Amino acid sequence: MSNSPLRILFVASEVEGFSKSGGLADVARALPLALKASGHDVRVLTPLYASVPREGLQMRLPQLGVPMGFGEVWCAVQETRLPQSEVPIFFLEHEHFFGRKGYYDEQGWAYPDNAQRFAFLSKAALQLCRALSWTPDVVHCHDWHTALLPYYLKTQAPDLDRTVSVLTLHNAGYQGHFPGALQQVLEVRPEHFHDWAFEDHGSLNLLKGGLTFADRVNAVSPGYAQELQSPPGSHGLHEAILRKQAAFSGILNGCDYGEWNPEQDPHLPANFSAERLAGKLVCKQALQRHFGLPERPEVPVFGLVSRLTEQKGFGMLLPALEEILQWDLQVIAMGSGDSETATRLAQTAQAFPERMGWWEGYSNSLAHQVEAGSDVFLMPSLYEPCGLNQIYSLRYGTLPLVRAVGGLRDTVENYDEASGGGTGFVFFDPTPAALRNTVGWALSTWYDRPKHFQGMISRAMDKRFLWEDAARSYESLYREALNS
């Protein structure tokens, strides 16, 4: 099987173009497309949430029985293709489990039956393979939502004993913690409800159990994989990951440059390239105008597009922001999430109306405009498994200012003041002072070393992180699992 095409089933709780709350959805669309382009037989299974558009869906299986720990559950399977491809995507249709307003929660309150909902998705994946008479070589699972699938494959699917499982960790901070009393409902055997598998201080930890039983486990960047093997960066999983060390690795995500390309981005007031940067100034002025800031091309704009969560470093940014805004720069921020963080950002923008613009919410079009119109992009994350915005920023000639964690340190080369080299500004300590000083360093580079700043823009815009490269690494990972 060294060179023969592989049969690969992706099972993911969200897929970009149909459902999305984070980077997992981007991977669940882009990686199957790249693997299909390499000649593999790739299929995708995901829930049919209430928000998924029904246009173009065709009924594939009007009835599919799924044996669960609480009885047989009947569902249907709809089918379409990933946009502009021949990759089949199957939607698991079950009104009670998935016909809801949210994917995982509503207004911050997690659905109390999330364990059953996603155990059902995992078990249904096995039933779908049987119903289609299609045996995958690899089942590729993602995060805690499908972490039971490697376990079910090992303990309940002797007919699929040649199928291997790969579990990708997009954000191990979310692990699927549930009451230990659910072990019977989820069909976790008593001998597996122990510290080396699913048990976690008396409760069930689905991600921990999944990485125990998966044939291969990987994180979405080499940097994050390294952090996950140490107590400070592992979200409490380091012992389980160290036990898996021989079958654990990191593969950097790619970027969809068809979507993020300043040379032909339809969301921008003007397009530009590394050779023709005039359009970037047009984008900057339009962005300043949109946020009601003075149109000053001579000051640097520091942009931010982010979920408002502790992970993204707002514990560092908010205390530093008032002092930063005393300097001759502008800050433009957009995000949604924690309401207290949003309130503080709004209050700061009101206090500095000439220097800060703020918009609560998310707009894909405006996100493109912030990437294109900013000079520096802020990502002061506490941890960042891969990160995509810094990759978008590089392509748009907007120098990332990041903390040296996870995928950020894998993709951003720190500025070397002696040579002028680098593609961004990197800091290490998770403190307001470290962030403030690094903003000051970027600001001094803009004003005092403009040739260095321009050289960094050119280098940044030449960087590429391709899904084709990621797909080759995943293919090697699949074959390793099969050969073992």
Side-chain angles (χ1 to χ4, degrees), residues 8-33 36 41-107 109-134 136 139-149 152 168 170 174 176 185-186 206:
I8 306 160
L9 177 65
F10 269 71
V11 188
S13 61
E14 51 190 78
V15 180
E16 198 274 329
F18 303 97
S19 54
K20 179 177 176 176
S21 69
L24 160 61
D26 296 293
V27 177
R29 174 183 176 273
L31 183 54
L33 292 176
K36 177 68 174 179
D41 180 358
V42 190
R43 308 181 188 189
V44 181
L45 174 66
T46 195
L48 186 64
Y49 299 111
S51 58
V52 173
R54 270 34 179 193
E55 296 81 20
L57 299 187
Q58 294 183 333
M59 182 63 70
R60 180 62 187 263
L61 297 171
Q63 287 188 318
L64 181 69
V66 181
M68 302 292 293
F70 46 88
E72 190 164 36
V73 178
W74 289 88
C75 61
V77 178
Q78 306 260 15
E79 181 184 358
T80 185
R81 294 287 187 271
L82 286 179
Q84 300 176 321
S85 82
E86 290 302 311
V87 175
I89 176 167
F90 300 104
F91 289 94
L92 192 62
E93 183 177 10
H94 190 279
E95 184 62 25
H96 172 68
F97 280 150
F98 302 124
R100 309 180 184 187
K101 290 182 180 177
Y103 307 148
Y104 319 115
D105 57 46
E106 287 183 35
Q107 298 179 329
W109 294 95
Y111 293 126
D113 60 347
N114 271 346
Q116 294 93 317
R117 296 172 71 223
F118 291 104
F120 173 64
L121 173 63
S122 295
K123 188 67 79 69
L126 303 178
Q127 291 298 93
L128 176 65
C129 294
R130 294 169 179 133
L132 297 176
S133 298
W134 182 76
V139 174
H140 193 155
C141 316
H142 301 268
D143 279 350
W144 73 261
H145 320 95
T146 53
L148 277 166
L149 185 42
Y152 292 151
T168 294
H170 300 263
Y174 300 91
V185 170
L186 300 182
L206 300 191

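Keep in mind the model is a prediction, meaning the values are calculated, not measured. We count residues from 1, following the sequence as given.
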List the steps, then state whether side-chain contact (heavy atoms from CB on, under 4.5 Å) holds for Cys75 with Val66. CA-CA 8 Å; Cys75 61; Val66 181; 4.1 Å; yes

Hey, could you give me the NE2/CZ distance between His140 and Phe10, rounded to the nearest 0.5 Å? 5.0 Å

For His142 and Ser13: C-alpha separation, side-chain torsions, deciding distance, then whether side-chain hydrogen bond (donor to acceptor under 3.5 Å, both in side chains) applies. CA-CA 8 Å; His142 301 268; Ser13 61; over 6 Å; no

List the steps and the verdict of salt bridge (Lys or Arg N to Asp or Glu O under 4.0 Å) for Asp105 and Arg100. CA-CA 9 Å; Asp105 57 46; Arg100 309 180 184 187; over 6 Å; no

Does any N or O in the side chain of Arg43 come within less than 3.5 Å of the main-chain N or O of Asp41, such that one atom is a donor and the other an acceptor? no

Would you compute the distance between atom CG of Leu186 and atom CD of Gln116 and round it to the nearest 0.5 angstrom? 6.0 Å

For the residue pair Trp144 and Phe118, categorise the inter-ring angle as parallel (less than 30°), tilted (30 to 60°) or perpendicular (more than 60°). perpendicular

For residues Leu149 and Ala125, report the shortest heavy-atom separation together with the two atoms involved. CD2-CB, 3.9 Å

Please report the interatomic distance CG(Leu148) to OG(Ser122), rounded to the nearest 0.5 Å. 5.5 Å

Indicate the atoms forming the closest heavy-atom contact of Pro136 with Val139, along with that distance. CG-CG2, 4.0 Å

Hey, does the side chain of Asn114 reach the backbone of Tyr104 with a donor-acceptor pair shorter than 3.5 angstrom? yes

Between CG of Leu206 and CG of Asp143, what distance do you get to the nearest 0.5 Å? 11.5 Å

Sequence neighbours left out, cut at 3.5 Å: what donor-acceptor pairs do the side chains of residues 84-92 make with other protein atoms?
{"unit_1": "Ser85", "atom_1": "OG", "unit_2": "Leu82", "atom_2": "O", "d": "2.8"}
{"unit_1": "Ser85", "atom_1": "OG", "unit_2": "Val87", "atom_2": "N", "d": "3.1"}

Kindly assign one of parallel, tilted or perpendicular to the pair Tyr49 and Tyr103, based on the angle between their ring planes and the thresholds 30° and 60°. tilted

Taking the basic N atoms (NZ, or NE/NH1/NH2) and the acidic carboxylate oxygens, is any pair closer than 4.0 Å for Asp26 and Lys20? yes

From CD (Glu72) to CG (Leu64), nearest 0.5 Å: 9.0 Å

Apply side-chain contact (heavy atoms from CB on, under 4.5 Å) to Arg60 and Gln78, showing your working. CA-CA 5 Å; Arg60 180 62 187 263; Gln78 306 260 15; over 6 Å; no

Return the minimal non-hydrogen interatomic distance between Ala25 and Ser19, and the atom names on each side. CB-O, 3.5 Å

Search all heavy atoms of Pro67 against all heavy atoms of Lys123 and return the closest pair with its distance. O-NZ, 2.7 Å

If you round to the nearest 0.5 Å, how far is CG of Leu121 from NE2 of His94? 12.5 Å

Where the side chain of Gln63 meets the backbone of Trp74, is there a donor-acceptor pair that is under 3.5 Å apart? no

What do the steps show when you test Trp134 against Leu9 for side-chain contact (heavy atoms from CB on, under 4.5 Å), and what is the final call? CA-CA 10 Å; Trp134 182 76; Leu9 177 65; 3.8 Å; yes

Candidates Thr80, Leu48, Thr46, Val44 - the one meeting side chain to side chain contact (heavy atoms under 4.5 Å, CB included) with Phe18: Thr80

Working note: Met59 + Glu93, criterion side-chain contact (heavy atoms from CB on, under 4.5 Å); need CA distance, chi angles, decisive distance, verdict. CA-CA 10 Å; Met59 182 63 70; Glu93 183 177 10; 4.0 Å; yes

Non-hydrogen atoms of Ala28 and Glu14 that approach each other most closely: CB-O, 3.4 Å

